[in-house]
There are 2 protein chains.
Amino acid sequence: MKSTINAKDVAKLAGVSQSSVSRVYFEGAKVSKKTRQKVLAAAEELGYRPNEFARSLITNRTKIIGLVMKGVQNPFYPQVLTQFTASFKKFGYSILFVHTNSDEIQTEDIETLLNYNVAGVVITDATMSLNVAESFRANQIPLVFFNRKLSRSNFYSVCCNNLSAGRAIAEYLIAKGSKDMAYISGNENTSTSQEREEGFSEVVTQHNLNFKKYSSDYTYEGGYKTALAIMEEEALPSAFFVANDIMALGVMDALRKKEIQVPAQVKVIGFDNIGMSSWPAYELTTWEQPIEKMVEETVTYLLAEMIDYTGTAEAVEVDGVFIERKTT
Amino acid sequence: MKSTINAKDVAKLAGVSQSSVSRVYFEGAKVSKKTRQKVLAAAEELGYRPNEFARSLITNRTKIIGLVMKGVQNPFYPQVLTQFTASFKKFGYSILFVHTNSDEIQTEDIETLLNYNVAGVVITDATMSLNVAESFRANQIPLVFFNRKLSRSNFYSVCCNNLSAGRAIAEYLIAKGSKDMAYISGNENTSTSQEREEGFSEVVTQHNLNFKKYSSDYTYEGGYKTALAIMEEEALPSAFFVANDIMALGVMDALRKKEIQVPAQVKVIGFDNIGMSSWPAYELTTWEQPIEKMVEETVTYLLAEMIDYTGTAEAVEVDGVFIERKTT
DNA sequence: CTGAAAGCGCTTACAG
DNA sequence: CTGAAAGCGCTTACAG
């Protein structure tokens, strides 16, 4: 059964005890320079590598972060994935990637994370029942909802300032002279779509104006179909605030198909600032989500909680930036 | 130190031995119905979950697949990621996600995979030095290069039929009357770009025609810049064969910017059939990579090798499909 | 079918 | 600073 070489083998070759070998590889343990050198030389010769499983078993902690994602089709998320992987790598953590199809994360997916006793969890673009979330708390595993809030719960979340972004976008459009605006929502049960709408609505109402609301689903196809349907049945608004960029691109393509001029006939504003929004075919005005800072906030919190678990809940909001391009 | 509940706890409550508890959770082990029921009841009550680390330590095998990716910015790869995650999940495997920035995978990234003693590895959109690849073989860890071949090596690879696709695309363009064609390559050291060019070149030459070659990098920006540069300095070819879709979209946007009509003035063909290529703004003719089948081939091979390691090398090619849209 | 016991490869008090 | 030993939570021959 024994096939790989272990600390005992190295110890024998180095002429020291197995404990000493262990100490060389365990950060914070003390070993004399001489011992360290002997061990490293022997390890090198044998190609020794400490077994993470034995380590985790004895320390009861891992260097694995569970990253749960849903919408990898939205180009926003590959960026998020890249940033998290890079950021955690710096601190020696690896990523256990879980992809879920449903809005609500399945118990099955969670089991995996618990079985591997992950050091922390990031949930992206999805929610989970409070029950399930609590099972992480019970195991003192820190958890962050990234770009989502779980309503009526006390879990840590990191989002963009969706509410004030919604307000700023309304202010901007009204200043530009828009009167009859429309909001195209993402999945309506997401906090992001709700908050963007709420901020927007607030300001529109303050100005004694109205806006129409159309419900969509955060996908390109959703944006495309929604816009087509609008054009077939109703008068076009003077501006669309679309809950994310990928939908906004769909909206623009639908407008293009009907030969509607943007921004001359309709203005379009998205949200996220995905790479494509700056493509010449779109040049979309949007609200940039500060992914880097959001990731940093998430990682900082998780690292702190891994050292000393408190279970603190907070809804962190990181300020995004308005990016004006050619669609407004 | 002991915090979580273990098989011993369950055994005590169920009134059986710890071995029996273990057998209930170990597939293939034999336990009487009665024992099983007692154990499951006790486990349920205590919230027991077998510790994966202890399991892996004793069995010397894991249920983790290392998935190494580079180009997550190319929408082709999120699709690949989703499929792999779904497919491996079916067989009870989890994904350790490694993201690399460089074309050649770093030893550091590999260390992680070896430390976690992954059951298998998929390398996507990147290569690695033969040295590093051999370290997997030394540990009998099966390895598949997905969408890449490692030249002069004997590792398993799964690709699309790039060579014959290149040929078919040349035949198609020539049949359509194109005479002066151009190939815009991806990163030139990738097998995919080389083979697509090779097939293309072969047929063009057979027909006593020529084509120009421009070197690019598999990104949208690369395609955009390359096309702009061409238009500023030289006569436009009658058709572009672009090594992947995302670059082809860049090419199209550059043409649009210069008000060149596609396909009237220039034809454009991409490769991959990413979601965006069917968007109304593009409607790109392309060659579909059969991701699902490619993933299936990869998973099947890995599962077989995990049971009985042979280290067989083979360059599997899965046939793609030509998709004609409006750019040709 | 079941239990007692050895052992996977580590970390970590405990002596020296 | 170093070594001998216990123990993390499992699997798995070995008896019964």
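Sequence lines set the chain letters: A, B, ... in the order given, protein chains first and strands last, and positions in each chain run from 1.
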**OP:** Pick base, sugar-phosphate or nothing for Glu52(B), based on heavy-atom distances below 4.0 Å to the nucleic acid.
**Re:** nothing
**OP:** Treating a pair as Watson-Crick (purine N1 to pyrimidine N3 plus N6-O4 or O6-N4) or G-U wobble (N1-O2 and O6-N3) with both distances under 3.5 Å, list the stems of 3 or more consecutive pairs that involve DNA chain C.
**Re:** C:1-3 with D:14-16, C:5-12 with D:5-12, C:14-16 with D:1-3
Original post:
Ser20(B) side chain: which of dG3(C), dG9(D), dC1(D) is closest?
Top reply: dG3(C)
Subject >> Distance in angstrom units between Gln18(A) CD and dT12(C) C1', rounded >> reply: 11 Å
Original post:
Pick the nucleotide of DNA chain D nearest each of Ser22(B) and Lys34(A); which residue has the one closer to the 5' end?
Top reply: Lys34(A)
Subject >> Whole angstrom value for the distance that separates C1' of dC10(C) from CG of Asn60(A) >> reply: 14 Å
**OP:** Could you work out which one of dA4(D), dC10(D), dC1(C) sits closest to the side chain of Pro50(B)?
**Re:** dC10(D)
Original post:
Where the side chain of Lys30(A) is concerned, which of dG3(D), dC8(D), dC1(D) is the nearest nucleotide?
Top reply: dC1(D)
Under 3.5 Å, N/O pairs linking protein and nucleotides 13-16 of chain D:
residue : atom : partner  : partner atom : Å
dA13(D) : N6   : Arg23(B) : NH2          : 3.0

Original post:
Is the distance from OP1 or OP2 of dG9(C) to the nearest side-chain N or O of Asn51(A) less than 4.0 Å?
Top reply: no
Original post:
Which nucleotide, dA4(C), dT11(D), dC10(C), lies nearest any side-chain atom of Ala54(A)?
Top reply: dC10(C)
**OP:** Determine, for Glu134(A) against Arg137(A), whether the closest basic-nitrogen to carboxylate-oxygen distance falls under 4.0 angstrom.
**Re:** yes
